[in-house]
> 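Dumping the structure here so I can ask a few things about it.
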Amino acid sequence: MPLFQLLLLAIIQGITEFLPISSSGHLILLPGLTGMQDQGQVIDVAVHVGTLGAVVLYFWEDVREALGGIPRLLRGKTDTPGARMAFLLIIATIPGVLFGLFLAITGIDDKLRSVAVIGWTMLIFGVVLFIADRRGDSGRAAKDWTLRDALVLGLWQAVALIPGTSRSGICITGALFGGFDRQAAAKISMLMSIPMILASAAYLSGEVIATADARAAIDGTIAAFFSFLSALLALVLMMRLLRSVSFTPYVIYRILLGAFLLWWAYA
């Protein structure tokens with residue numbers, strides 16, 4: 001794959017994975033609108049691994065706490081903050097995994113990879129995010145996350161498997177409707193991405209191993225590195241901006257892009 005396209009894919013994935021504007025939608029649109037070759041599963045997995053590294057590094061204290069709680073969780077106990085967090089993250093991941101398997105088995109996932117679908121989801125869920133940002137925040141902190149919240153946000157996250165929805169965007173939307181403040185909603189969304197990305201990578205790993213070669217491994221390493229850097233930058237900036245800026249700029253971007261894509265699809 002040409003180095004320019006490789007870097008472009010990595011940077012787009014890194015920037016859009018944690019912003020509420022849909023990374024998968026942008027990755028699908030790039031070859032669809034420009035005529036570039038499809039990047040394939042190897043690069044898809046690589047750029048997601050890069051963004052996974054970024055969120056683990058940024059939220060390392062929380063990740064370490066959750067990892068430390070796994071042994072206690074395996075003994076059936078959730079009486080420590082780490083064990084409780086690990087348990088809630090697992091619960092929040094189950095709906096997305098089940099829905100993802102359903103889409104893959106039925107073949108519906110391929111039918112959803114269209115400009116029209118992405119245009120509608122960009123537009124509709126952009127408006128929903130705007131409503132949530134205006135009405136939902138009741139000041140709840142991330143530590144107030146409950147089992148009910150995990151189940152509800154897990155269902156919201158499952159919807160994000162429809163391209164253009166945005167995994168981070170829909171989870172933030174659900175968290176805002178649940179009364180969490182902006183920074184807490186973003187933090188919960190980012191932590192939820194860790195097991196979800198791991199599950200996605202595990203599902204695709206069989207095909208990646210079967211098709212990968214030395215050239216693909218080099219391309220994947222480059223893509224992972226640059227997606228890590230761009231994702232970390234985007235994550236740092238967004239978390240800082242949320243102290244004083246709402247999600248409205250992202251909503252405006254989604255609506256404009258959605259309207260353009262619908263014009264492109266139906267013109």
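In this chain, numbering begins with 1 at the start of the sequence shown.
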> If every non-hydrogen atom of Met192 is compared with every non-hydrogen atom of Leu153, which pair is closest and at what distance?
CE-O, 3.6 Å
> Applying side chain to side chain contact (heavy atoms under 4.5 Å, CB included), name anything that partners Ala231, two or more places apart in sequence or on another chain.
Phe18, Thr51, Ala54
> If you look at every heavy atom in Gly220 and Ala46, which pair is closest and at what distance?
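Reported closest heavy-atom pair: O-CB, 3.2 Å.
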> Tell me every residue that passes side chain to side chain donor-acceptor pair (under 3.5 Å) with Ser189, counting only those two or more places apart in sequence or in another chain.
Arg167
> Of all heavy-atom pairs between Asp219 and Leu6, which one has the smallest distance, and what is that distance?
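Reported closest heavy-atom pair: O-CD2, 3.5 Å.
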> Enumerate the side-chain hydrogen bond (donor to acceptor under 3.5 Å, both in side chains) contacts for residues 120-129, please, sequence neighbours excluded, ordered by first and then second residue.
Trp120-Tyr266
> Taking C-beta and beyond as the side chain, do Leu129 and Pro20 meet within less than 4.5 Å on heavy atoms?
yes
> Partners of Arg64 by salt bridge (Lys or Arg N to Asp or Glu O under 4.0 Å), sequence neighbours excluded?
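Here the qualifying residues are Glu61.
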> Residues in ring-ring contact (aromatic ring centres under 6.0 Å, His included) with Trp263, at least two apart?
Phe260
> Donor-acceptor pairs under 3.5 angstrom involving side-chain atoms of residues 80-105: please list them, not counting sequence neighbours.
from: Thr80; atom 1: OG1; to: Ala83; atom 2: N; distance (Å): 3.2
from: Arg84; atom 1: NH2; to: Trp145; atom 2: O; distance (Å): 2.0
from: Thr93; atom 1: OG1; to: Leu89; atom 2: O; distance (Å): 2.7

> Sorted by first residue and then second, give each salt bridge (charged side-chain N to carboxylate O under 4.0 Å, His left out) pair with at least one member in residues 148-165; sequence neighbours left out.
Arg140-Asp149
> Which residues satisfy the side chain to side chain contact (heavy atoms under 4.5 Å, CB included) test with Ala259, sequence neighbours excluded?
none
> Thr165 pairs by side chain to side chain contact (heavy atoms under 4.5 Å, CB included) with which of Ile118, Val117, Val128, Ile170?
Ile170
> Looking at Ser227 and Gly14, would you say the former's side chain and the latter's main chain have a donor-acceptor pair under 3.5 Å?
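Here the side-chain-to-backbone pair does not exist.
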> Do the non-hydrogen side-chain atoms of Leu73 and Thr78 ever get within less than 4.5 Å of each other?
yes
> Can you list the other members of the hydrophobic cluster that holds Leu233, where links are side-chain heavy atoms under 4.5 angstrom apart?
Leu237
> Do Phe247 and Leu256 share a hydrophobic cluster (ILVMFWY, side-chain heavy atoms under 4.5 Å, transitive)?
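In one cluster: no.
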> Taking only residues at least two apart or on different chains, which pairs with a member in residues 240-260 satisfy side-chain hydrogen bond (donor to acceptor under 3.5 Å, both in side chains)?
His26-Tyr253, Arg134-Thr248, Ser246-Thr248
> Output yes when a side-chain donor or acceptor of Ser193 lies under 3.5 Å from a complementary backbone atom of Met190, and no otherwise.
yes
> Out of curiosity, does Leu155 fall in the hydrophobic cluster containing Leu161 (side-chain heavy atoms, cut-off under 4.5 Å, transitive links)?
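Leu161 and Leu155: separate clusters.
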> Could you tell me which residues satisfy side chain to side chain contact (heavy atoms under 4.5 Å, CB included) with Ser22, sequence neighbours excluded, listed by chain and number?
Ser24, Met122, Ser166
> Could you state whether Met238 and Ile252 fall into the same hydrophobic cluster, counting links through intermediate Ile, Leu, Val, Met, Phe, Trp or Tyr residues with side-chain heavy atoms under 4.5 angstrom apart?
no
> Going by the rule side chain to side chain donor-acceptor pair (under 3.5 Å), which residues pair with Asp110 if we only count those two or more places apart in sequence or in a different chain?
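Asp110: no side chain to side chain donor-acceptor pair (under 3.5 Å) contacts found.
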